A.B. asks: 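Here you go, one structure.
Order of listing sets the numbers, starting from 1, for every ligand and every atom in it. The shown structure was predicted, so the numbers you read here are calculated from the model rather than taken from an experiment. Each residue takes its place number in the sequence, starting with 1.
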Amino acid sequence: MERLQGIAVSPGVAIGEALVMDHEGFRIPRRFLPRDAVEDELERLDQAILAATAEIERNRERVATQLGNQLAGIFAAHIQMLNDKVLRARLEEMVRKHHYSPEYAVSQAMRQWARVFQSVEGGRVAERANDVFDIEERLLRQLTGRRRQELAHINSEVLILAHNLTPSETANLNPKFVRGFATEIGGPGSHTAIVAEALGIPAVVGIRPFLTGVSGGERVIIDGDQGLVILQPDEETLAHYRFEVEEHRSLAAKLDKLRDLAAVTSDGVRIELLGNIEFPSEVEHCKDRGADGIGLYRTEFLFLAGDEQPTEEEQFAVYAAVAQSLKGQPVVMRTLDLGADKIPNLPFPEDERNPFLGLRSIRLALKYQGMFRMQLRAILRASTFGNIRIMFPLISTLLEFRQAKMVLADAMEDLEEEGVAFDRDMKVGMMVEVPSSVLLMDHFVEEADFFSIGTNDLIQYVLAVDRSNKDVASLYTAADPAVLRLINMAIRTANSRGVPISMCGQMSGNPLYTMLLLGLGLRSLSITPAAIPEVKQVCRQVSLKDCERVAERALRLESARDVRTYLKEELSKVAPEIPL
Ligand code: PEP
Ligand code: MG
């Protein structure tokens with residue numbers, strides 16, 4: 001049994017069989033073979049060596065004609081290594097004697113070989129290790145054949161263990177079969193983590209490299225509450241976790257009863273609880289959990305799911321269906337928030353050095369106005385089907401907000417000329433997720449119809465800490481006093497001018513912060529649907545007076561640790577049943 005500590009990003013516990021994806025996205029299959037499969041597997045290995053050799057030979061010929069024989073010599077060396085008799089004998093021994101799968105044998109043998117090269121001092125020989133890795137990858141590609149595209153086609157229950165999963169890969173996972181995942185990299189605020197929560201599957205990210213020690217089919221436990229992955233658990237651990245799974249079920253059943261009750265504090269203040277969604281199918285999750293509407297629809301996921309950019313008609317159909325199914329409840333459609341870690345399959349800017357500080361979000365929309373305008377038209381047309389509000393992401397300057405509104409006004413004018421109906425009084429708001437927007441709140445209150453605080457980005461920008469980087473994950477926390485001060489400023493300014501303000505970052509769905517946020521003056525929270533019952537439970541058990549006392553005290557604390565400890569203490573007094 002081995003316990004691996006990572007970062008807990010999506011709660012719950014899953015027990016099941018591992019599906020392992022390596023760096024290149026290849027599935028690493030089972031480590032051991034059944035006894036009677038040895039001959040067939042050796043034949044498969046030989047075929048793979050032949051195919052890989054032919055592939056290298058083709059490269060060699062091409063390079064020889066274009067650049068000359070000397071450079072093509074690298075490929076000749078690769079062919080020699082690949083067909084080395086000692087290597088072949090070693091692989092055969094591993095398959096015959098130890099019943100290793102050819103893939104596992106190749107990885108083991110090649111890595112031992114690479115290590116020998118790496119241990120030789122002096123650059124030249126050590127560099128040969130890269131050639132060995134190159135050959136290994138080529139051979140594995142021949143053996144496994146399929147890449148990670150097939151993630152969407154998994155049809156038996158698995159837990160995915162991968163080096164990394166992108167937000168769009170995560171978005172394509174089928175939660176019916178993918179019961180949880182764990183990755184070597186990734187941070188607490190990454191969109192991969194957010195999508196895992198939306199899918200309701202336990203997830204752990206930012207574990208150290210561990211994939212070489214595990215193979216497909218092994219039993220694993222993913223503990224999304226504690227951020228643990230347990231490989232080959234013993235019976236005692238399994239029994240403990242089976243009990244945990246039951247506990248989760250019974251708490252969920254208890255909270256389910258809150259569905260039709262309103263989130264009203266003990267002193268009678270009504271709190272609006274909205275849902276955050278990435279996919280239209282989540283509207284049902286919101287209704288099941290008794291949400292008052294949708295406070296954040298991350299529309300860019302429509303652009304991440306497929307290979308093609310969705311047309312205006314396709315977008316219109318989706319947005320109208322979402323609006324209509326909410327039967328008059330509000331839906332805040334956030335316009336495209338692409339870029340940084342959400343890269344669609346579209347012609348996109350060159351690699352950026354600092355993608356979170358680069359051409360992302362509203363900046364990207366304003367640069368590619370054709371795409372932006374098309375989305376705005378689709379949203380406007382859908383607005384006659386329900387209660388739609390529009391929200392621009394990552395606003396950092398007044399000019400940016402005005403420009404976005406101008407593009408919207410243009411789109412409205414076009415529709416008007418075409419005689420197409422839309423809601424002329426649609427409310428237009430903005431995300432507050434860049435510190436500059438908080439500092440300029442007194443100007444923004446003059447121009448925006450509503451605000452939503454995006455703590456996921458606000459935290460990373462105020463603390464200069466990448467939300468998706470595991471190595472700085474301990475700094476990435478909503479409990480930091482600097483973050484609390486910014487949130488306090490934003491709420492105060494908006495409330496003083498009577499402009500509605502909500503919060504849709506992950507912070508708002510964490511019951512640890514509910515008292516604090518109400519005490520700071522929020523009366524509306526937008527949350528991952530799965531978290532609504534717990535937050536509602538807290539709202540119903542606290543008085544606003546207590547919340548204000550908690551907020552006042554929390555604002556005076558010096559460190560994130562102090563804030564967390566204090567909030568835990570206060571929450572356990574009013575809602576001891578909520579697990580933290
Ligand atoms: C945020 O930044 O808090 C937010 C809600 O937006 P996203 O997580 O999609 O960046
Ligand atoms: Mg954001």
A.B. asks: Would you please say whether a donor-acceptor pair under 3.5 Å links the side chains of Tyr319 and Gln375?
C.D. replies: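 Yes, because at least one side-chain N or O of Tyr319 sits under 3.5 Å from a partner of the opposite role on Gln375.
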A.B. asks: Tell me, which protein residue and heavy-atom name are nearest atom 6 (O) of ligand 1, and how many Å apart are they?
C.D. replies: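 Ranking protein heavy atoms by distance from atom 6 (O) of ligand 1, first comes Arg334 NH1, 2.9 Å.
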A.B. asks: At less than 2.8 Å, would any N/O/S atom of Asp337, backbone or side chain, sit next to the Mg ion (ligand 2)?
C.D. replies: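 So Asp337 does not count as coordinating the Mg ion (ligand 2).
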A.B. asks: When you check the side-chain N and O atoms of Asp225 and His248, is any donor under 3.5 Å from an acceptor?
C.D. replies: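 Note: Asp225 and His248 side chains meet the donor-acceptor criterion.
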A.B. asks: On the six-membered ring of Phe422, is Arg424 placed so that its NZ or CZ lies under 6.0 angstrom from the centre and within 45° of the ring axis?
C.D. replies: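 Satisfied, under 6.0 Å and within 45°.
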A.B. asks: What N, O or S atom of Asp457 is found closest to the Mg ion (ligand 2)?
C.D. replies: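 Answer by atom name: OD2.
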A.B. asks: Return the name of the atom in Glu433, of element N, O or S, nearest to the Mg ion (ligand 2).
C.D. replies: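 The closest N, O or S atom of Glu433 to the Mg ion (ligand 2) is OE1.
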A.B. asks: Honestly, is Arg553 close enough over Tyr566, meaning NZ or CZ under 6.0 Å from the six-membered ring centre and within 45° of the axis?
C.D. replies: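 Judged by the rule, Arg553 and Tyr566 form a cation-pi pair.
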A.B. asks: What residue and atom, counting heavy atoms only, is the protein's closest point to atom 2 (O) of ligand 1, and at what distance?
C.D. replies: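 Result for atom 2 (O) of ligand 1: Glu433 OE1, 2.8 Å.
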A.B. asks: Can you tell which part of Leu296 has a heavy atom less than 4.0 Å from ligand 1: side chain, backbone, both or neither?
C.D. replies: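 It is the side chain that touches ligand 1; the backbone stays farther off.
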A.B. asks: Are Phe385 and Phe316 an aromatic pair, judged by ring center distance below 6.0 Å?
C.D. replies: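 Yes, they do, as the ring centres are separated by less than 6.0 Å.
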A.B. asks: In terms of ring plane angle, is the pair His191 and Phe301 parallel, tilted or perpendicular, where the classes change at 30° and 60°?
C.D. replies: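 The arrangement is tilted - the two ring planes meet at 30° to 60°.
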A.B. asks: Does any N or O of ligand 1 fall below 3.5 Å from an N or O anywhere on Asn456, backbone included?
C.D. replies: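 N/O-N/O distance under 3.5 Å: yes.
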A.B. asks: Using a distance-only test with no angle check, is there a side-chain donor-acceptor pair under 3.5 angstrom linking Ser502 and Glu272?
C.D. replies: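 No, because no side-chain N or O of Ser502 sits under 3.5 Å from a partner of the opposite role on Glu272.
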A.B. asks: So, is His191 polar-close to ligand 1, with some N/O to N/O distance under 3.5 Å?
C.D. replies: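 Right, the criterion is met.
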A.B. asks: Do the side chain of Thr397 and the main chain of Glu400 share a donor and acceptor less than 3.5 angstrom apart?
C.D. replies: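 Side chain of Thr397 to backbone of Glu400, a donor-acceptor pair under 3.5 Å: yes, one is there.
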A.B. asks: Regarding Arg467 and the six-membered ring of Tyr476, is the cationic atom NZ or CZ under 6.0 Å from the ring centre and inside 45° of its axis?
C.D. replies: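 Negative - Arg467 is either too far from the ring of Tyr476 or too far off its axis.
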A.B. asks: Any atoms of ligand 1 less than 4.0 Å from a non-hydrogen atom of Asp337? List them with their elements.
C.D. replies: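 With Asp337 as reference, the close atoms of ligand 1 come out as 9 (O), 10 (O).
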A.B. asks: Tell me which part of Ile194 gets within contact of ligand 1: side chain, backbone, both or neither, using heavy atoms under 4.0 Å.
C.D. replies: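 The part of Ile194 near ligand 1 is the side chain, not the backbone.
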A.B. asks: Please classify the Met503 to ligand 1 contact at 4.0 Å (heavy-atom distances, strictly less than): side chain, backbone, both or neither.
C.D. replies: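 Looking at Met503 and ligand 1, no heavy atom falls under 4.0 Å.
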A.B. asks: Any donor and acceptor pair, going by atom type alone, linking the side chain of Asn276 with main-chain N or O of Cys504 inside 3.5 Å?
C.D. replies: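 Yes, the answer is positive, given that a donor and an acceptor are paired below the 3.5 Å cut-off.
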A.B. asks: Tell me which one of Arg467, Met431, Glu300 gets a heavy atom nearest to atom 4 (C) of ligand 1.
C.D. replies: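 Nearest option to atom 4 (C) of ligand 1, by heavy atoms: Met431.
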A.B. asks: Checking contacts here: is it the side chain or the backbone of Ile453 that comes within 4.0 Å of ligand 1, counting heavy atoms only? Could be both or neither.
C.D. replies: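 No part of Ile453 comes within reach of ligand 1.
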A.B. asks: Using a heavy-atom cut-off of under 4.0 Å, does the side chain or the backbone of Lys342 touch ligand 1, or both, or neither?
C.D. replies: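 Side chain only; the backbone of Lys342 stays clear of ligand 1.
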A.B. asks: How far is atom 5 (C) of ligand 1 from the closest protein heavy atom, and which atom is that?
C.D. replies: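 Heavy-atom neighbour on the protein nearest atom 5 (C) of ligand 1: Arg298 NH2, 3.5 Å.
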